[in-house]
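Below: one structure, written as structure tokens.
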Protein chains: 2
Amino acid sequence: MGSVYTETPTAGPAAPLRAGERAYRQLRGEILDGILPPGTGLLEIEQSARIGVSRTPLRAAIARLIADGLVAGRPGRGFIVTEMNVDSIRELYEVRRALEEHAARIAADRRDPAVFLALRDQFLAAPALLAQGETGLHRYYDLIDEFDDAVAAAVANPFLVGALATVRTHLARIRRLARGNPDRLRSAAAEHLLIIDAIIAGDTSLAAHATHVHLQQSLTNVLAAIQGQPTGPVA
Amino acid sequence: MGSVYTETPTAGPAAPLRAGERAYRQLRGEILDGILPPGTGLLEIEQSARIGVSRTPLRAAIARLIADGLVAGRPGRGFIVTEMNVDSIRELYEVRRALEEHAARIAADRRDPAVFLALRDQFLAAPALLAQGETGLHRYYDLIDEFDDAVAAAVANPFLVGALATVRTHLARIRRLARGNPDRLRSAAAEHLLIIDAIIAGDTSLAAHATHVHLQQSLTNVLAAIQGQPTGPVA
DNA sequence: CGAGCATTCTATGTATACATAGGAGCTTCA
DNA sequence: TGAAGCTCCTATGTATACATAGAATGCTCG
């Protein structure tokens, strides 16, 4: 196994990244992007050869993916990428609703107004962003992430943030299906604005209800998108 | 190393249990029971020698404990049992409230009345149970588990049940601190009865509110118990 | 006597060799 | 021809040897 560090040692943004971490991120990304569709069998030897790490760190990576719920496996019979059907999506949104409503409530109570005022301005500019094509779309998704991060920071609860992170992981797999619906994204931006306004105002109840509405709309849209294309597109 | 299977091959209740699984269960149990108190350093070599497995399955076990949030570790600097202070307890209950309220709501909507009617009878007998000393206490805790399982079965949502399982794991560490308060346990049984009645009646709102009340009472009791004995007793 | 540096030691990270169990496919017998 | 049994093969489970990075400690120099 030749040079593991093909890149210059000083190039990385931080540490050169361990083999197990690399394997985890790559597999996770490929599952989330649909490159490894649900049902795909993950063979240790095959995957370790493909990614370029030995079996030991690859096993660690798969163990983490199992903990994430992205991979399932029976002992002695291999591992497969977990399925993501309509029922799973409904179930996921059920948990998401509980957690995000609670988070919104807490965020409205503990928020730093300045942070959300800045976000408000950015969301006001979202419709213009969405008119800019692919790059604008990317920046819009980054904005959503910023919002989620701001809520997480306001909540300041490792358990809640962790549970939300788990939900968001699975959500990333779903989002791919409903991508590219400008009308929906514009509506979503407006819904986010409502939530942000409620948080700024410190109105816990309104923040929770606005979040509820937003998630219900989101779920409806996702389910409709899936009706359109029964089985997700796969490379 | 010599015979891993000291016991007769046909003795085990099921499969002989893998080394990694054994290590995981033992370490998890010891952390939950406080035998390995927060802050304890888990050295791979030391622990693998103690438990009697090699480093590879022990690493897998520690990886699972990290996913559970029971162990934390900086890469290259070892692993330690996570702390559990008053703030963590408050944060845990915050998430617990969100999840259990939602679960109670759903359970009230989807429940099988017969299951909860049976539980109702058992909880009615709880005060008598609590008068029976240690064995009665044990059976009481089993009854709580039965209730939790019944709610989980009614909810029928793997994501929500999984999130609840995570919370319950950490809760087990806390419960040890507040153990042995008969008055509180009698009150808790009465609170559970209220929740069960609401679920039987299909009253989603009441089930959620009764759960909220119960958890608030539970948190208050736990915090009071900790005030009494600042740092938990350790073997 | 204090601070900086080199050395050593320890614990994790990684790779590989071996053990084992489960399944697929083939052969054989009825 | 079909079904049952056996064999081989493959993939995971486990153990161990080696690489490496970080920290603690002791030494030396100012």
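Here is how names work: the chains are called A, B, and so on, in the same order as the sequence lines, proteins then strands, and each is numbered from 1. What you are looking at is a predicted structure, and each value in this text was computed from that prediction instead of being measured.
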Sub-3.5 Å donor-acceptor pair from the side chain of H192(A) to the main-chain atoms of F123(A), do we have one? no

Length of the [atom1]-[atom2] vector between [X] and [N], whole Å:
| X | N | atom1 | atom2 | value |
| --- | --- | --- | --- | --- |
| L42(A) | dT12(D) | CG | C1' | 13 Å |
| R18(A) | dA15(C) | CZ | C1' | 16 Å |
| F79(A) | dT12(D) | CZ | C1' | 7 Å |
| E44(A) | dA15(C) | CD | C1' | 13 Å |
| Y24(A) | dG13(C) | OH | C1' | 18 Å |
| I80(B) | dA11(C) | CD1 | C1' | 15 Å |
| R55(B) | dG13(C) | CZ | C1' | 8 Å |
| R59(B) | dT12(C) | CZ | C1' | 6 Å |

Could you tell me whether the phosphate oxygens of dT14(D), OP1 or OP2, come under 4.0 Å of any side-chain nitrogen or oxygen in T56(B)? no

At 4.0 Å (heavy atoms only), tell me whether L58(A) reaches a base, stays on the sugar-phosphate, or touches nothing. nothing

Using a cut-off of 4.0 Å on non-hydrogen atoms, how would the nucleic acid contact of L43(B) be classed: base, sugar-phosphate, or nothing? sugar-phosphate

Measure the shortest side-chain to side-chain distance between E91(B) and L160(A) over non-hydrogen atoms and say whether it is less than 4.5 angstrom. no

Of the nucleotides dT14(D), dG13(C), dT12(D), which has the atom closest to the I45(A) side chain? dT12(D)

Can you figure out which of dG13(C), dT14(D), dT14(C) approaches the side chain of A19(B) most closely? dT14(D)

Report the C-alpha separation of R96(B) and E100(B) in whole Å, then their side-chain angles, then the decisive distance to 0.1 Å, and conclude whether the salt bridge (charged side-chain N to carboxylate O under 4.0 Å, His left out) test is met. CA-CA 6 Å; R96(B) 195 185 174 201; E100(B) 299 234 34; 2.9 Å; yes

Could you list the donor-acceptor pairs under 3.5 angstrom formed by side chains in residues 54-66 of chain B, with sequence neighbours left out?
from, atom 1, to, atom 2, distance (Å)
S54(B), OG, T56(B), N, 3.3
R55(B), NE, E44(B), OE1, 2.8
R55(B), NH2, E44(B), OE1, 2.9
R59(B), NH1, E44(B), OE2, 2.4
R64(B), NH1, E21(B), OE1, 2.8

